[in-house]
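Read the structure below first, then the notes.
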Amino acid sequence: MPMPRKKFAINKENAFSVRRYIERKISLDPYWPAETDQDDYWQAREDFSMVEHGDVKGMANWCEKWLSTRQWKQLQGALRAQRKRKRDMQGDRNPKKTITLDWDAWAILSDLSKRDNVTISKFITNRLKQEWLDLLGNKF
């Protein structure tokens with residue numbers, strides 16, 4: 001397996017998250033991290049089990065040895081997403097939420113919010129806040 005070029009540094013700040021990511025990937029995919037030689041996954045898992053918690057250098061060495069360039073990018077993306085979620089939560093009593101809408105619902109909300117020159121989120125709040133408060137008032 002070729003050694004990938006390191007895309008970012010594993011350090012004390014992210015070592016726990018890296019370990020948690022790898023443990024999750026291993027639990028979800030019986031052949032991870034091997035991409036081509038399925039026999040490698042046993043050795044990769046054995047090597048991983050030998051890396052002690054908090055051993056930043058050992059974790060970095062394991063990643064350099066066993067992760068492909070694609071897997072490094074996935075790991076880096078997962079860490080970026082985790083940092084973003086953490087930033088979104090800090091100092092904000094009401095962190096942002098992500099929802100999935102049917103295309104029709106999105107188109108309606110998008111056009112109406114553009115007409116009112118507000119975000120979709122602000123449009124929903126403007127239109128539904130009083131109804132929501134009335135609902136809460138009836139519950140107590």
Side-chain angles (χ1 to χ4, degrees):
M1 178 179 285
M3 285 237 314
R5 198 175 106 228
K6 188 160 58 168
K7 301 292 181 192
F8 66 97
I10 296 175
N11 53 41
K12 287 169 67 172
E13 289 77 35
N14 66 16
F16 175 78
S17 297
V18 169
R19 180 174 203 91
R20 204 171 65 203
Y21 173 85
I22 292 168
E23 287 170 345
R24 183 171 187 278
K25 292 295 280 187
I26 286 172
S27 73
L28 293 174
D29 182 349
Y31 297 109
W32 195 89
E35 290 191 319
T36 54
D37 186 355
Q38 295 302 312
D39 293 332
D40 282 347
Y41 75 95
W42 286 113
Q43 187 63 51
R45 287 168 182 236
E46 185 176 325
D47 289 356
F48 182 73
S49 70
M50 302 302 284
V51 177
E52 294 185 27
H53 287 270
D55 179 2
V56 175
K57 187 174 181 177
M59 183 65 63
N61 289 339
W62 185 91
C63 289
E64 288 173 19
K65 179 177 179 179
W66 291 108
L67 299 185
S68 67
T69 301
R70 183 177 66 82
Q71 290 166 331
W72 269 104
K73 287 179 183 177
Q74 290 170 339
L75 171 58
Q76 185 178 14
L79 293 176
R80 262 195 317 268
Q82 180 187 34
R83 283 193 307 269
K84 182 185 182 318
R85 285 190 301 273
K86 188 175 182 180
R87 271 194 318 271
D88 288 348
M89 293 293 286
Q90 289 178 338
D92 190 354
R93 287 185 31 221
N94 300 309
K96 304 234 184 289
K97 300 290 182 190
T98 302
I99 62 170
T100 302
L101 299 171
D102 291 334
W103 189 91
D104 291 345
W106 170 82
I108 292 165
L109 289 171
S110 179
D111 289 345
L112 291 172
S113 65
K114 285 176 187 172
R115 180 199 66 197
D116 291 359
N117 199 28
V118 295
T119 64
I120 290 175
S121 195
K122 186 67 174 166
F123 178 83
I124 292 169
T125 303
N126 289 348
R127 293 296 178 104
L128 300 175
K129 186 172 185 177
Q130 188 58 52
E131 188 174 340
W132 176 68
L133 291 172
D134 293 344
L135 176 70
L136 290 179
N138 290 334
K139 285 186 176 183
F140 299 105

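When a residue number appears, it is its place in the shown sequence, counting from 1.
- Within the 4.5 Å cutoff, the side chain of L128 has heavy atoms near those of the E131 side chain.
- By the side chain to side chain donor-acceptor pair (under 3.5 Å) test, Q130 is found to be paired with D134, residues two or more places apart in sequence or in another chain being considered.
- Evaluation of the side-chain contact (heavy atoms from CB on, under 4.5 Å) rule for K84 yields R87, D88 as partners, not counting sequence neighbours.
- Residues meeting the salt bridge (Lys or Arg N to Asp or Glu O under 4.0 Å) test with R115, sequence neighbours left out: none.
- N11 contributes a side-chain N or O that, together with a main-chain N or O of E13, makes up a donor-acceptor pair within less than 3.5 Å.
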Output a table of donor-acceptor pairs, distance under 3.5 Å, between side-chain atoms of residues 17-28 and any protein atom two or more places apart or on a different chain; print 'none' if there are none.
unit_1: S17; atom_1: OG; unit_2: Q82; atom_2: OE1; d: 2.8
unit_1: S17; atom_1: OG; unit_2: Q82; atom_2: NE2; d: 3.3
unit_1: R19; atom_1: NE; unit_2: E23; atom_2: OE2; d: 3.2
unit_1: R19; atom_1: NE; unit_2: H53; atom_2: ND1; d: 3.2
unit_1: R19; atom_1: NE; unit_2: H53; atom_2: NE2; d: 3.4
unit_1: R19; atom_1: NH1; unit_2: V51; atom_2: O; d: 3.1
unit_1: R19; atom_1: NH2; unit_2: V51; atom_2: O; d: 3.0
unit_1: S27; atom_1: OG; unit_2: R24; atom_2: O; d: 2.8

Identify all side-chain donor-acceptor contacts of residues 54-61 below 3.5 Å with residues at least two apart in sequence or on another chain.
unit_1: D55; atom_1: OD1; unit_2: K57; atom_2: N; d: 3.4
unit_1: D55; atom_1: OD1; unit_2: G58; atom_2: N; d: 2.8
unit_1: N61; atom_1: ND2; unit_2: K57; atom_2: O; d: 3.3

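- The hydrophobic cluster around F16 extends to none of the other residues, as no ILVMFWY side-chain heavy atom falls under 4.5 Å of it.
- W132 and I124 end up in different hydrophobic clusters when Ile, Leu, Val, Met, Phe, Trp and Tyr side chains are linked at under 4.5 Å.
- Side-chain contact between W62 and M50 is absent, with no heavy-atom pair separated by less than 4.5 Å.
- Sorted by first and then second residue, the pairs that involve residues 120-129 and meet salt bridge (Lys or Arg N to Asp or Glu O under 4.0 Å), not counting sequence neighbours, are D116-R127.
- For the pair Q71 (side chain) and S68 (backbone), a donor-acceptor distance under 3.5 Å is present.
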Review point. Is there a side chain to side chain contact (heavy atoms under 4.5 Å, CB included) between I120 and S110 once you walk through the steps?
Key: CA-CA 6 Å; I120 290 175; S110 179; 4.2 Å; yes
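- Under the ring pair (Phe, Tyr, Trp, His ring centres under 6.0 Å) criterion, F123 pairs with no residue at all, not counting sequence neighbours.
- Among residues two or more places apart in sequence or in another chain, the side-chain contact (heavy atoms from CB on, under 4.5 Å) test is passed with L101 by I99, A105, W106, L109.
- For N14 (side chain) and A9 (main-chain N/O), a donor-acceptor pair under 3.5 Å exists by modelled atom type.
- Two residues are said to be in side-chain contact when any heavy atoms from C-beta on lie closer than 4.5 Å; C63 and I10 meet this criterion.
- Distance alone, capped at 3.5 Å, places no donor-acceptor pair between the D111 side chain and the I108 backbone.
- Distance check, rounded to the nearest 0.5 Å: CH2 of W42 to OH of Y31 gives 8.5 Å.
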